[in-house]
Visitor: 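Got a structure for you, written out below as structure tokens; questions coming shortly.
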Amino acid sequence: MDEQLHERIREVVADVPPGKVATYGDIAAIAGASTPRLVGRVLSEDGNDLPWHRILRASGIPAPHIRHRQLELLRAEGVLADGDKVSLRKYRWHAS
DNA sequence: TATTTGACAGCTT
DNA sequence: CAAGCTGCCAAAT
């Protein structure tokens with residue numbers, strides 16, 4: 001059901017460990033979403049209680065409106081970004 | 001009921 | 001290396 005999917009996405013996002021980051025595509029793949037757009041939509045609606053700051057774009061650059069907050073929160077967790085670009089190669093998280 | 005928009009990704013030009 | 005186009009799903013108007 002779509003409700004399951006919605007919850008699955010939240011679970012995956014909450015399962016990302018601090019100091020690590022993941023892309024929308026990864027979350028979508030792990031959660032079973034057909035498209036990463038669903039992940040973004042869920043975060044925009046319920047992300048206020050989730051570590052949405054650990055979710056980045058495929059390019060390692062967070063969304064345009066929140067990028068400032070994103071980088072700030074990531075920095076607090078030890079994730080250093082080159083300008084707006086985070087080193088996915090180092091911080092990208094993969095499910096167990 | 002149809003159209004537009006949106007925390008995206010991947011390929012082509 | 002950068003910009004543009006297409007595919008995807010769901011909610012809002």
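Keep in mind that this is a model prediction, so the values were computed, not measured. Scope of the values below: all heavy atoms of this structure, side chains included, with no hydrogens, waters or symmetry mates. Proteins come first, then strands; the chains are lettered A, B, ... in the order of their sequence lines, and each starts at number 1.
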Visitor: Could you tell me which non-hydrogen atom of Lys20(A) sits nearest to which non-hydrogen atom of Trp93(A), and how far apart they are?
Guide: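 Looking at all heavy atoms of both residues, the shortest contact is CB-CB, 3.8 Å.
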Visitor: How long is the line joining CG of Leu38(A) and C1' of dA7(B), in whole Å?
Guide: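 Atom CG in Leu38(A) sits about 12 Å away from atom C1' in dA7(B).
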Visitor: Between dA9(B), dC8(C), dA7(B), which one does the side chain of His65(A) approach most closely?
Guide: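 Taking heavy atoms from C-beta onward, the closest nucleotide is dA7(B).
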Visitor: What's the closest nucleotide to the Ser34(A) side chain, out of dC8(B), dG10(B), dC9(C)?
Guide: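 Of the options given, the side chain of Ser34(A) lies nearest dC9(C).
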Visitor: Look at Arg57(A) and dC8(B) and indicate whether a side-chain polar atom (N or O) is within less than 4.0 Å of OP1 or OP2.
Guide: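 So the side-chain polar atoms of Arg57(A) do come within 4.0 Å of the phosphate oxygens OP1 or OP2 of dC8(B), strictly under.
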Visitor: Ile27(A) and side chain to side chain contact (heavy atoms under 4.5 Å, CB included): which partner among Val42(A), Val16(A), Leu38(A), Asp15(A)?
Guide: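 Checked Val42(A), Val16(A), Leu38(A), Asp15(A) against Ile27(A); only one passes side chain to side chain contact (heavy atoms under 4.5 Å, CB included): Val16(A).
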Visitor: Check if the side chain of Arg37(A) and the base of dC8(B) share a donor-acceptor pair of N or O atoms closer than 3.5 Å.
Guide: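 Yes.
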Visitor: Which part of the nucleic acid, if any, lies within reach of Ser44(A) when heavy atoms closer than 4.0 Å are counted: base, sugar-phosphate only, or nothing?
Guide: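 Counting heavy atoms under 4.0 Å across all strands, the contact made by Ser44(A) includes a base.
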Visitor: Quick one: closest heavy-atom pair of Ala58(A) and Thr23(A), and the distance?
Guide: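 The answer is CA-CG2, 4.1 Å.
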Visitor: What is the separation between atom CG on Leu43(A) and atom P on dG6(B), rounded to the nearest whole Å?
Guide: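 Between P of dG6(B) and CG of Leu43(A): 17 Å.
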Visitor: Would you give the length of the straight line joining atom CZ of Arg67(A) to atom CD1 of Ile61(A), rounded to the nearest 0.5 angstrom?
Guide: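 Rounded to the nearest 0.5 Å, the CZ-CD1 separation comes to 8.5 Å.
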Visitor: Rounding to a whole Å, what distance do you find between Leu88(A):CG and dC8(B):C1'?
Guide: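 One finds 14 Å between C1' of dC8(B) and CG of Leu88(A), rounded.
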Visitor: Which nucleotide wins on minimum distance to the side chain of Pro36(A), given the candidates dC8(B), dA11(C), dC9(C)?
Guide: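 So the nucleotide nearest the side chain must be dC8(B).
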Visitor: Ile66(A) has a side chain; which of dA7(B), dC9(C), dA10(C) sits nearest to it?
Guide: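 Comparing dA7(B), dC9(C), dA10(C) against the side chain of Ile66(A), the answer is dA7(B).
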